[in-house]
S.K.: 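One structure is given below, represented as structure tokens, and several questions about it will come after.
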Amino acid sequence: MGTIDRYRRWFQYEQDSHAKVLASLKAVPDKIRVVADFQKAIDLMAHIVAARRLWLYRFGVIKEGPRELFPRGTTLPDLVSRVDQIQHMWSTYLDRLDDLELARIFEYQSLEGGWYRNTIEDILTQLFGHSWYHRGQIAALIRSIGAEPAVTDFVFWARESIAPPERV
């Protein structure tokens, strides 16, 4: 498997994980959706989406970045729409990704004002780690309000069931 294929595979895993997170959020009973940590979980997922949008903007793939990097008060239906939209944009981008684009060095201005240089591959690696990190926070928030978080560990997604070995 080449490097590009690895990122595409990670993106498939991420799409599945995000679908599971959305399903776990939808499954939270109405009576506990009013708890502040439920809204924090939604807003963290909206942050994942905003960060992904920001990088597509910085890459020059889209013309408009996110309105805010840390959205507050996002509704669950709006979150579902945002996730669908960003996953479509990323899927389109990754479908055309090649070795030349992966190695491309680009310059960008951080939100704090400094200027930096990275490769596309650096940022793809960062984005997947960023999503893993925040999905863990979302799981902790969902569990803290008494609901069941999604299981999004990579090994659960990637492993293949086999017959047990014969014992001698």
S.K.: Are more than 12 heavy atoms, taken from residues, nucleotides or ligands other than Phe128, located less than 6.0 Å from that residue's CZ atom?
M.R.: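 Yes - once you tally the heavy atoms of other residues, nucleotides and ligands closer than 6.0 Å, there are more than 12.
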S.K.: Within a strict 4.5 Å, meaning less than it, do heavy atoms of the Ile4 and Glu101 side chains meet?
M.R.: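 Counting from C-beta outward, Ile4 and Glu101 never come under 4.5 Å.
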S.K.: Please list all pairs passing the salt bridge (Lys or Arg N to Asp or Glu O under 4.0 Å) test where one or both residues lie in residues 69-92, with sequence neighbours left out.
M.R.: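 Residue pairs passing salt bridge (Lys or Arg N to Asp or Glu O under 4.0 Å), neighbours aside: Asp78-Arg82.
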S.K.: Decide if atom CG of Leu100 counts as having more than 12 heavy atoms of other residues, nucleotides or ligands within a radius under 6.0 Å.
M.R.: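 No, because the 6.0 Å sphere around CG of Leu100 holds 12 heavy atoms or fewer from other groups.
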S.K.: Kindly compute the distance separating OG (Ser110) from CG (Leu54), expressed to the nearest 0.5 Å.
M.R.: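 Nearest 0.5 Å value for the OG-CG distance: 10.0 Å.
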S.K.: Regarding Thr152 and Tyr13, is there a side-chain donor-to-acceptor distance under 3.5 Å anywhere?
M.R.: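 Judged by distance alone, the side chains do not pair up.
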S.K.: Any luck finding a side-chain donor-acceptor pair between Tyr116 and Gln109 under 3.5 Å?
M.R.: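 There is no such pair (donor and acceptor under 3.5 Å, judged by atom type) between the side chains of Tyr116 and Gln109.
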S.K.: Using the ring-ring contact (aromatic ring centres under 6.0 Å, His included) criterion, which residues pair with Phe59? Sequence neighbours excluded.
M.R.: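 Result, ring-ring contact (aromatic ring centres under 6.0 Å, His included) vs Phe59: Tyr93, Phe106.
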S.K.: Are Ile105 and Ile120 packed together at the side-chain level, in the sense that at least one heavy-atom pair is separated by less than 4.5 angstrom?
M.R.: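 A side-chain contact under 4.5 Å is absent here.
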S.K.: Side chain to side chain contact (heavy atoms under 4.5 Å, CB included) between Ser17 and Arg135: does it pass, once the steps are laid out?
M.R.: CA-CA 9 Å; Ser17 294; Arg135 280 196 308 268; 3.6 Å; yes
S.K.: Using only heavy-atom distances, determine whether the side chains of Thr125 and Asp122 contain a donor-acceptor pair under 3.5 Å.
M.R.: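 No donor-acceptor contact under 3.5 Å links the two side chains.
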S.K.: According to a hydrophobic-cluster definition based on side-chain heavy atoms being under 4.5 Å apart (Ile, Leu, Val, Met, Phe, Trp, Tyr only), do Ile138 and Val151 belong together?
M.R.: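 The answer is no; the residues belong to distinct hydrophobic clusters.
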S.K.: Could you grab the distance from atom CZ of Arg96 to atom OG of Ser91, nearest 0.5 Å is fine?
M.R.: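 Answer for the CZ-OG pair, Arg96 versus Ser91, is 12.0 Å.
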S.K.: Pairing donors with acceptors under 3.5 angstrom, does anything connect the side chains of Gln39 and Asp43?
M.R.: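 There is such a pair between these side chains.
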S.K.: What distance separates Ile42 CD1 from Leu141 CG, expressed to the nearest 0.5 Å?
M.R.: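 The CG atom of Leu141 is 11.0 Å from CD1 of Ile42, to the nearest 0.5 Å.
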S.K.: Just wondering, do Met89 and Arg52 contact through their side chains at under 4.5 Å, heavy atoms?
M.R.: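 No, every pair of side-chain atoms sits at 4.5 Å or beyond.
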S.K.: If I compare all heavy atoms of Ile32 with all of Ala147, which pair ends up nearest, and what's the gap?
M.R.: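 Smallest heavy-atom distance, with atoms named: CD1-CB, 4.3 Å.
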S.K.: Please give me the minimum heavy-atom distance between Ala41 and Leu25, naming the atom from each residue.
M.R.: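 Answer, listing the atom of Ala41 first, then Leu25: CB-CD2, 4.0 Å.
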S.K.: Would you mind reporting whether Leu102 and Thr3 have side-chain heavy atoms less than 4.5 Å apart?
M.R.: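 Yes, their side chains come closer than 4.5 Å.
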S.K.: Between CG of Leu22 and CG of Leu76, what distance do you get to the nearest 0.5 Å?
M.R.: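 Taking CG in Leu22 and CG in Leu76, the distance rounds to 7.0 Å.
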S.K.: Give the C-alpha distance, both sets of side-chain angles, the deciding distance and a yes or no for side chain to side chain contact (heavy atoms under 4.5 Å, CB included) between Arg117 and Tyr108.
M.R.: CA-CA 7 Å; Arg117 176 180 300 133; Tyr108 59 93; over 6 Å; no
S.K.: Is Lys40 salt-bridged to Asp37, going by a charged N under 4.0 Å from an acidic O?
M.R.: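 Result for this pair is yes, salt bridge flagged.
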S.K.: Side chains of Met45 and Val83: does their closest heavy-atom pair fall under 4.5 Å?
M.R.: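 Heavy-atom side-chain distance check passes, below 4.5 Å.
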S.K.: Closest approach of Pro149 and Arg143, non-hydrogen atoms and distance?
M.R.: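 In terms of heavy atoms, the two residues are closest at CG-NH2, 3.4 Å.
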S.K.: Is a donor on one side and an acceptor on the other found under 3.5 Å between the side chain of Asp153 and the backbone of Val155?
M.R.: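 The answer is no, because no donor-acceptor pair under 3.5 Å joins these two groups.
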S.K.: How many angstroms lie between CZ in Phe38 and CG in Asp30, if you round to the nearest 0.5 Å?
M.R.: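 These two atoms lie 8.5 Å from each other.
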S.K.: Is there a path from Phe70 to Tyr133 through hydrophobic residues (I, L, V, M, F, W, Y) whose side chains come within less than 4.5 Å of each other?
M.R.: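 Phe70 does not cluster with Tyr133.
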S.K.: Per the ring pair (Phe, Tyr, Trp, His ring centres under 6.0 Å) rule, what does the pair list look like for residues 134-153, sequence neighbours excluded?
M.R.: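 Found His47-His134, His130-His134.
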S.K.: Would you check, one step at a time, whether the test side chain to side chain contact (heavy atoms under 4.5 Å, CB included) holds for Trp157 with Arg9?
M.R.: CA-CA 11 Å; Trp157 180 82; Arg9 182 171 186 241; 3.9 Å; yes
S.K.: Under 4.5 Å between side-chain heavy atoms, hopping through other hydrophobics if needed: is there a path connecting Trp132 to Phe156?
M.R.: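 As far as the 4.5 Å side-chain criterion goes, Phe156 and Trp132 are not connected within one cluster.
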S.K.: Nearest 0.5 Å, please: how far is CG in Asp98 from CZ in Arg104?
M.R.: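 Between atom CZ of Arg104 and atom CG of Asp98 there are 10.5 Å.
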S.K.: Answer yes or no: is there a side-chain heavy-atom contact under 4.5 Å between Arg8 and Leu97?
M.R.: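 They are in contact (side-chain heavy atoms under 4.5 Å apart), so the answer is yes.
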S.K.: Indicate if Ile86 and Val61 have the same hydrophobic cluster label, given that clusters are the connected sets of ILVMFWY residues with side-chain heavy-atom separations under 4.5 angstrom.
M.R.: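 Yes, same cluster.
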S.K.: Over all heavy atoms of both residues, which pair between Pro66 and Ala50 is shortest? Give the atoms and the distance, please.
M.R.: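 What the structure gives for the nearest pair is CG-O, 3.5 Å.
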S.K.: How close do Tyr57 and Lys63 get, heavy atom to heavy atom, and via which atoms?
M.R.: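 Heavy atoms only, the tightest pair is CE1-O, 3.4 Å.
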S.K.: Kindly give the heavy-atom pair with the smallest separation between Gln87 and Glu14, and that separation in Å.
M.R.: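 Minimum heavy-atom contact is OE1-O, 4.2 Å.
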S.K.: Report the C-alpha separation of Asn118 and Gln126 in whole Å, then their side-chain angles, then the decisive distance to 0.1 Å, and conclude whether the side chain to side chain contact (heavy atoms under 4.5 Å, CB included) test is met.
M.R.: CA-CA 11 Å; Asn118 282 94; Gln126 160 59 26; over 6 Å; no
S.K.: Looking at Trp55 versus Trp90, is the centre-to-centre ring distance below 6.0 Å?
M.R.: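 Ring centroids of Trp55 and Trp90 are no less than 6.0 Å from each other.
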